[in-house]
Number of protein chains: 2
Amino acid sequence: MSRTQGDTKSKIIDLGEKLLLGKGFNGFSYADIAISLGIKNAAIHYHFPCKSDLGLAIIQRARERFKKWGANKETEQLPDRERLDSFFQIYRHYLTKRESVCLSGALETDFTTLPKPMQEETRGLVYDLLTWMEIFLDQGRKRGTFSFPGTPRDQAIIVLAVMQGGLQMTRVTDQSVFDLAVSQIRRLLKP
Amino acid sequence: MSRTQGDTKSKIIDLGEKLLLGKGFNGFSYADIAISLGIKNAAIHYHFPCKSDLGLAIIQRARERFKKWGANKETEQLPDRERLDSFFQIYRHYLTKRESVCLSGALETDFTTLPKPMQEETRGLVYDLLTWMEIFLDQGRKRGTFSFPGTPRDQAIIVLAVMQGGLQMTRVTDQSVFDLAVSQIRRLLKP
DNA sequence: TAGCATACTTACTAGTAAGTAAGATGTCAA
DNA sequence: TTGACATCTTACTTACTAGTAAGTATGCTA
């Protein structure tokens with residue numbers, strides 16, 4: 001009984017992502033997914049022969065999602081500060097909807113235990129984020145929307161590190177910590 | 001044959017910490033420690049009945065280490081900016097000597113999978129760090145050593161998040177990323 | 001309608017995880 | 001020198017891990 005084309009497969013990626021963000025790559029098993037979706041362990045292996053295949057699919061989808069977000073007409077036409085807030089909203093979303101850290105943060109702490117293909121894809125993800133932010137900050141400073149010392153790359157590293165670290169810290173303190181981090185980094189970028 | 005008092009026990013904590021920082025709490029096993037120290041699995045269980053006992057000991061020792069660092073006469077008498085650098089050095093040390101992320105970062109991403117006592121101790125660790133940094137930044141701003149918008153707590157969150165996120169990002173990019181993050185946060189604190 | 005692909009399930013394997021029970025060995029104190 | 005305690009080892013259990021092999025139901029297509 002195949003309900004909708006690719007239904008189970010995308011459900012596996014959905015749940016896999018949620019579990020990865022919530023418990024780390026070594027913190028969940030195929031059994032967790034199987035039980036939760038009401039299918040058998042082997043059904044997951046059918047779609048993703050190895051766990052690393054699933055991990056890879058999760059990262060690739062996230063990269064594409066970010067790429068689409070960046071290329072989105074609506075997003076592109078936003079004023080710089082609103083576009084920045086829209087970026088922050090991606091991270092804020094992790095917190096509210098998924099009660100989790102961000103993908104890059106989760107993957108980076110597990111990095112040494114990840115299979116090679118996932119490591120490479122993780123590098124790609126971080127490269128995407130850093131590059132986007134660097135260009136965005138550079139343009140913004142030239143336009144006078146943002147102000148910061150050092151190079152756009154320096155500042156891009158800081159901004160991403162704050163998102164990542166902020167989400168993680170929030171987990172052990174309270175939700176306000178992430179929001180405080182966001183408002184502080186916004187202040188620090190003020191012209 | 002008990003060579004030195006508490007020798008094995010502290011060796012287990014040493015290696016446990018290294019593994020925790022390097023691979024996450026779910027990324028290593030008692031077997032890893034046993035093989036590396038040339039002892040048997042059960043010897044570790046003698047000193048730490050459950051893995052959570054070991055995890056707890058690791059965090060507690062780190063908290064004490066930080067407490068001692070903070071109370072150290074040498075550290076205390078340092079000028080603010082040098083004291084800040086000394087703080088950054090703690091994190092830089094994780095990178096060079098251990099090729100790892102920081103303890104709070106590692107624990108926070110695994111947080112939901114950690115046993116309760118470890119969760120509580122992790123909260124304590126983050127509280128220690130946040131509190132110290134908040135007071136330090138507050139004093140520094142009053143003395144005119146530092147300059148930043150918002151409250152000292154806002155800025156403390158940012159600084160810690162940058163340390164944490166910076167170490168993690170460095171893992172998938174190159175070592176320079178952490179150093180760039182440090183120099184950028186130093187710039188952002190300039191009066 | 002025969003055959004073939006898709007999307008599974010059932011039933012298993014090999015390996016690893018944490019944890020335990022019982023015993024061996026050494027050290028020290030009375 | 002005996003007994004108690006600390007620090008281990010040997011030998012195991014139970015539970016879970018990823019992964020596989022073989023079989024089944026359903027529906028599409030030639």
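Letters A, B, ... mirror the listed sequences (proteins, then strands); counts begin at 1.
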Taking atom CD of E74(A) as the centre, does the number of heavy atoms from other residues, nucleotides or ligands within less than 6.0 Å exceed 12?
->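 Open.
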
Any idea how F136(B) and W132(B) line up, ring-wise: parallel (<30°), tilted (30 to 60°), or perpendicular (>60°)?
->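 Judged by the thresholds at 30° and 60°, the geometry between F136(B) and W132(B) is parallel.
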
Table please: side-chain donor-acceptor pairs of residues 31-45 of chain B below 3.5 Å, with sequence neighbours left out.
unit_1: D32(B); atom_1: OD2; unit_2: S29(B); atom_2: N; d: 2.9
unit_1: H45(B); atom_1: ND1; unit_2: P49(B); atom_2: O; d: 2.8

Strand-adjacent residues in residues 33-54 of chain A, judged by heavy atoms under 4.0 Å from DNA chain C =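 I39(A), K40(A), A42(A), A43(A), Y46(A), H47(A), in order of number.
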
Under 4.0 Å from any atom of DNA chain C, heavy atoms only: list the residues of residues 12-24 of chain A that qualify, in numerical order.
->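 Going residue by residue through residues 12-24 of chain A, none turns out to have a heavy atom under 4.0 Å of DNA chain C.
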
OP1 or OP2 of dT17(D) under 4.0 Å from side-chain N/O of S29(A) =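 Checking S29(A) against dT17(D): at least one side-chain N or O falls below 4.0 Å of OP1 or OP2.
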
Taking only the side-chain nitrogens and oxygens of T8(B), find out if one of them lies under 4.0 Å from OP1 or OP2 of dT7(D).
->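 So the side chain of T8(B) is outside the cut-off, no N or O lying under 4.0 Å from OP1 or OP2 of dT7(D).
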
L137(A) with V162(B), same ILVMFWY side-chain cluster at under 4.5 Å =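 Yes; tracing contacts between hydrophobic side chains, which count when under 4.5 Å, links both residues.
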
Among all residues two or more places apart in sequence or in another chain, which pass the salt bridge (charged side-chain N to carboxylate O under 4.0 Å, His left out) test with R186(A)?
->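 Listed in chain order: D85(A).
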
Distance-only criterion, 3.5 Å: show the donor-acceptor pairs between side-chain atoms of residues 15-22 of chain B and protein atoms not counting sequence neighbours.
unit_1: E17(B); atom_1: OE1; unit_2: R61(B); atom_2: NH2; d: 2.7
unit_1: E17(B); atom_1: OE1; unit_2: R65(B); atom_2: NH1; d: 3.4
unit_1: E17(B); atom_1: OE2; unit_2: R65(B); atom_2: NH2; d: 2.6

Distance in angstrom units between N26(A) CG and dT16(C) P, rounded =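 Taking atom P of dT16(C) as the reference, CG of N26(A) is at 15 Å.
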
How would you list all residue pairs meeting salt bridge (charged side-chain N to carboxylate O under 4.0 Å, His left out) that involve residues 129-151 of chain B, not counting sequence neighbours?
->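 The answer is D80(B)-R143(B), D138(B)-K142(B).
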
Check: Q164(B)/Q164(A) side-chain N/O donor and acceptor closer than 3.5 Å =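 On atom types as modelled, these side chains do not qualify, holding no pair under 3.5 Å.
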
